[in-house]
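Comments concern the structure below.
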Amino acid sequence: MPTIDTIGDDRAMALIRASVIPDAAALADTLVAGGIHAIEFTYTTPDVETHITRARSTDAVIGAGSVLTTAQARSALDAGAQFLVTPGLSAGVAEVAAAAGVPMMMGAFTPSEVMQALAQGVWAVKVFPAQTAGPDHFAHLLGPLPTSRLIASGGVDASNALSFLSAGAYAVTAGSSVVPAEALADSDWADIRRRAAAFTAALRS
């Protein structure tokens, strides 16, 4: 079975933020076919727990994102989430993840926030919004925090993803550039697979 370490193998993960997901399992299979094996379904999506459960039937690693409360964290784990992601610092969600033995990624931006996240034993820190500060921000953060796993999230696409990795990011997040809302609503799996393949190819260029 794939594990959270596939994020490091791919150097990428997908973030799904949508009002409609026609078939979460088909979406997960499509992203895996395009080379992205870890997928974060966010709590901004209606009925996200159902989508998490359906996607778990695939070969993808499935997590819950935009987790804001301990209740959401527990519900996501009950639905089968294999990792949790918060947009910012959350000691409560970190405690739920630790008690369940589930990896967690915590959102941060400044050095102090990254330090606070790391102090709570997170698996990785998602630097959000990455596009705001650009790739150099990662190089600067890693100066005093060289062993940190920093994942770039927010405004990352095939045109700039490699720049974040070159600056030291552990991985990058593929969002709407890979899974556009319209293509998802139309179940255009061919388009999404093409976009995922282009994104992962850009990481190797």
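Nearest heavy atom pair, residue Ala94 against residue Gln120, reads CB-OE1, 3.7 Å. Here the closest heavy-atom approach between residue Leu203 and residue Ala12 is recorded as CD1-CB, 3.8 Å. Across all non-hydrogen atoms, the minimal contact from Ala169 to Leu142 is N-CD1, 4.4 Å. When all heavy atoms of Phe41 and Ala55 are compared, the closest pair comes out as CE1-CB, 3.7 Å. Residues Thr58 and Ala25 approach most closely at CG2-O, 3.5 Å, considering heavy atoms. Shown here for Ile52 and Ala79, the closest heavy-atom pair between the two residues is CG2-O, 3.9 Å.
Residues Val156 and Gln131 have side chains not in contact (no heavy-atom distance under 4.5 Å, counting atoms from C-beta outward). Within the 4.5 Å cutoff, the side chain of Ile7 has no heavy atoms near those of the Val61 side chain. Contact of the Ser148 side chain with the Leu141 side chain is not registered, since no non-hydrogen atoms from C-beta on lie closer than 4.5 Å. Within the 4.5 Å cutoff, the side chain of Ile21 has heavy atoms near those of the Leu184 side chain. Proximity of Val172 to Asn160: side-chain heavy atoms (C-beta onward) are nowhere separated by under 4.5 Å.
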Criterion side-chain contact (heavy atoms from CB on, under 4.5 Å) on Trp123 and Ile151, from CA distance to verdict: CA-CA 11 Å; Trp123 181 82; Ile151 298 178; 4.2 Å; yes
Ile16 and Val48: CA distance, side-chain angles, deciding distance, side-chain contact (heavy atoms from CB on, under 4.5 Å) verdict: CA-CA 10 Å; Ile16 312 303; Val48 68; over 6 Å; no
Arg195/Asp191 under salt bridge (charged side-chain N to carboxylate O under 4.0 Å, His left out): CA gap, chis, key distance, verdict: CA-CA 6 Å; Arg195 289 170 178 270; Asp191 181 49; 3.0 Å; yes
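In this structure, the side chain of Thr3 engages the main chain of Asp5 through a donor-acceptor pair within 3.5 Å. Of the possible donor and acceptor atoms, one in the side chain of Gln82 sits under 3.5 Å from a partner among the backbone N and O of Ile62.
For residues 162-180, no residue pair satisfies the side chain to side chain donor-acceptor pair (under 3.5 Å) rule, not counting sequence neighbours. For the side chain to side chain donor-acceptor pair (under 3.5 Å) condition, no pair includes a residue of residues 84-97, sequence neighbours left out. The stretch residues 73-119 participates, sequence neighbours left out, in these ring-ring contact (aromatic ring centres under 6.0 Å, His included) pairs: Phe109-His137. Residue pairs meeting the side chain to side chain donor-acceptor pair (under 3.5 Å) criterion with at least one partner in residues 30-52, sequence neighbours excluded, are Asp10-His37, Arg17-Thr44, Glu40-Lys126, Thr42-Thr44, Tyr43-Glu49, Asp47-Thr50.
Counting side-chain heavy-atom gaps under 4.5 Å among Ile, Leu, Val, Met, Phe, Trp and Tyr, Val32 is found in no cluster with other residues.
Remark: Ala26 engages Asp23, Trp189 in a side-chain contact (heavy atoms from CB on, under 4.5 Å) (not counting sequence neighbours).
Under a hydrophobic clustering in which Ile, Leu, Val, Met, Phe, Trp and Tyr are joined whenever their side-chain heavy atoms come within less than 4.5 Å, directly or via other members, Val114 and Val85 fall into different clusters.
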